[in-house]
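Data block below; observations after.
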Amino acid sequence: MFLGVDYYPEHWDVKMMEEDLKRIKDMGSNMIRIGEFAWHLMEPEEGKYDFSFFDHVIEQAKKYELTVMFGTPTATFPAWLAKKDSSIFIRDEHGQKMAFGGRRQYCYNSPVYNEYSLKIVQKLVAHYQDEKSIVSWQIDNELGHEGSDMCYCSQCELDFQSFLEKKYQTIDELNARYGTIFWGQTYNSFTEIVIPTKTITVHNPSLLLDWARFRSYSLSEFAKRHLATVRELKGDHQTVTTNLPGGFFDKWFDHNDFSRDLDFVSYDNYPVWGGLKEPISPSHLSMTLDFVRGLKQENFWIVEELMGAQGHDVIGYLPRPKQAQAWAFHAFAHGCNNMLFFRWRGMTRGAEQYCLGIVDANNKETRKYKEVQQFFEEISSRKEIVDSPMKGQVAAIYDFDNVWSWRYQQQSSQFNFTNELLRLYRPFHHLNSSIDVIRYDVDFSDYKIVLVPVMKLIDKDLVRRLEEYVLNGGTVIMSYRAGVKNKDNNLELGEMTPGALTNLLGIEIEESESLHEGQRVQVRSNRGDGRVTSCTVWRDLVAPTTAEALYSYNDPFYKDYACVTVNKFGKGQAIYVGGALEDEALNALVEDIAASVHVETVETVEGVELVRRIVDGTDYYMLTNHNGVEETFQSIKLEPYGYKVLRVSEGGEWYEV
Ligand code: GLA
Ligand code: ZN
């Protein structure tokens, strides 16, 4: 197991290095991650390569038996390159060129940037291909983060036109599929197509979706070129990865497209960042880790795990004593099996003075150092458990085309894709069922339940797979707006909503309404339990054909319409939730469904989470207390932010191991 820190030795007087490495080692580390951002140090002038500083770092690290993950430095290019050729820069929607000074201000499609960045990668990897202590390469740093996945430069425009030509072959085909007859936007040639910068009103929805796909393609192709270059030159003992930032569904790229080219997926885990008043919720945190694991359906690394408060200008919540330890443990519970903490010491100069590390500017070994040290000691003894592969009984599927379609046409001001994914995820998380968050094209046939949140865009093949899955006994839970559009981001003529899903769901939807801030509509249970609950964000007025209405609306105009339905289909069932139903009602619904299809559940108090791991047929349970107060699980006490590994005896008694 690799454990360690992100170290930036170039930030400090070289005389501090030995002492730093010794302290890093004493903390229980066996790895440092170095190099990303240090392009100028490696190529101070064009074509003059100098790796002597890092040669020295590596020599010193070896003395302390520290292995190395080396980051290729292309997220921050040198000032001489910026000065030399301004075509490398991202242009924003208004044509404004990004300035030198931040990071990742380069355009993926810039031929100049591709050439220079690949050259430094080649030189660097060739220089260290035989270096035994470098065991892994990380390309770039957080590709696409902080808005760097969007660019409106003239190169991007040209490449977008070629991208469209390749996809549609003829301009007539594009015109027909886009419906450019509307507002007289018919093109005579691909060269007439412009990238969707500011206009009056809005752009054509098909064009927008293709633009999003093109952004994703641009980033993925850039990543793949870099990965292939490293792979070609690296030593056989070296692996290659890249570190993914959070905020997945707010990005203009599909993480799956290049994840297959990685030896393992790496993630930067920041449960709280910047001005947030409080950390993201435990279910949200769990969902992000399940998403990361879902990219290759394998265990993953965390190469930046938060220890201190973070922020570039505004900084918010300070992780409480032991809270960051609990987050680290929780990440291991969800499939992380190697971890580096960000960062060894906070930097006194430069942009990230408030991105705090394990050691602060005072350079003392205070609480945070001791927490990391203790954590490394504890987790190293759990190798077998954390290396065990994970497979949930429940899958939540997503499609980036659908996510982008929602971003362009939000429909309700209250809509947010991540919230809607969480809405279906949370009740299962609440029951401690294990969930895999995977792209829609991954085989889901052997899950007990498949969650399909707000799948507005649907292709016929997915419908076929869902039908087959349910026919064979599967349970699908879909939420509102399902099947409204095709993959061109257009409606279908002559079809009732939910379109191709009508048979599977056994419903028809004649009308719908978006609900805005503060709007809530009442719904009542039809099962005689008297439950009255409500919906926000959206409501579909559902007319069941073969389905049974579980909840109906409680208002005079729409009392005959259902909000939640269940349809028996073959050996399985398809549930439809026609609005953003309140958590309590969803919890009750999910409890029934989980029990009926024998999904494993364990009851814990809110904020206490249990994850089952199986090592050679033996069950272990990783228990995390996300609450800042003492909690109890099966008479086992957990301190605030405490965590434990448990087993269950044959007599059904829980005990700590
Ligand atoms: C990111 C980056 C790091 C650093 C940290 C600060 O995730 O990868 O370089 O900026 O955030 O929190
Ligand atoms: Zn560009």
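Whatever order the structure lists them in is the order used to number ligands and atoms, beginning at 1.
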Element-labelled atoms of ligand 1 that are located less than 4.0 Å from some non-hydrogen atom of [X]:
{"X": "Trp273", "answer": "6 (C), 12 (O)"}
{"X": "Glu142", "answer": "1 (C), 2 (C), 7 (O), 8 (O)"}
{"X": "Asp268", "answer": "7 (O), 8 (O)"}
{"X": "Phe37", "answer": "9 (O)"}

### Task
Check each heavy atom of Asn141 against ligand 1 and say whether those closer than 4.0 Å belong to the side chain, the backbone, both or neither.
side chain
### Task
Tell me which part of Glu352 gets within contact of ligand 1: side chain, backbone, both or neither, using heavy atoms under 4.0 Å.
side chain
### Task
Kindly report the SG-the Zn ion (ligand 2)-SG angle for Cys153 and Cys107 respectively, rounded to 10°.
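Angle SG(Cys153)-the Zn ion (ligand 2)-SG(Cys107): 110°, rounded to 10°.
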### Ring-face cation of Lys97 near Phe89 (centre distance under 6.0 Å, axis angle within 45°)
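Yes, cation above the ring, under 6.0 Å and within 45°.
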### Lys119 NZ/CZ over Tyr116 ring centroid, <6.0 Å and within 45° of normal
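Because its charged atom sits under 6.0 Å from the ring centre and within 45° of the axis, Lys119 does stack over Tyr116.
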### Query
Does the side chain of Asp20 come under 3.5 Å of the side chain of Trp344 through a donor N or O and an acceptor N or O?
yes
### Query
Does a donor on one side chain sit under 3.5 Å from an acceptor on the other, for His429 and Ser286?
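A donor-acceptor contact under 3.5 Å links the two side chains.
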### Query
Hey, is Arg103 one of the residues with a heavy atom under 4.0 angstrom from ligand 1?
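Contact present.
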### Query
If you measure from CG on Asp254 to CZ on Arg213, what distance do you get to the nearest 0.5 Å?
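These two atoms lie 11.0 Å from each other.
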### Query
Starting from atom 5 (C) of ligand 1, which protein heavy atom do you reach first, and at what distance in Å?
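The closest heavy atom on the protein side is Tyr270 OH, 3.3 Å.
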### Summary
Only one of Tyr187, Phe190, Tyr178 passes ring pair (Phe, Tyr, Trp, His ring centres under 6.0 Å) with Tyr168, and that residue is Tyr178
### Query
For the side chain of Ser216 and the backbone of Ala212, is there at least one donor-acceptor N/O pair under 3.5 Å apart?
no
### Query
Should one rank His145, Gln310, Glu304 by closest heavy-atom distance to atom 2 (C) of ligand 1, which comes out on top?
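Looking at heavy atoms only, the winner is Glu304.
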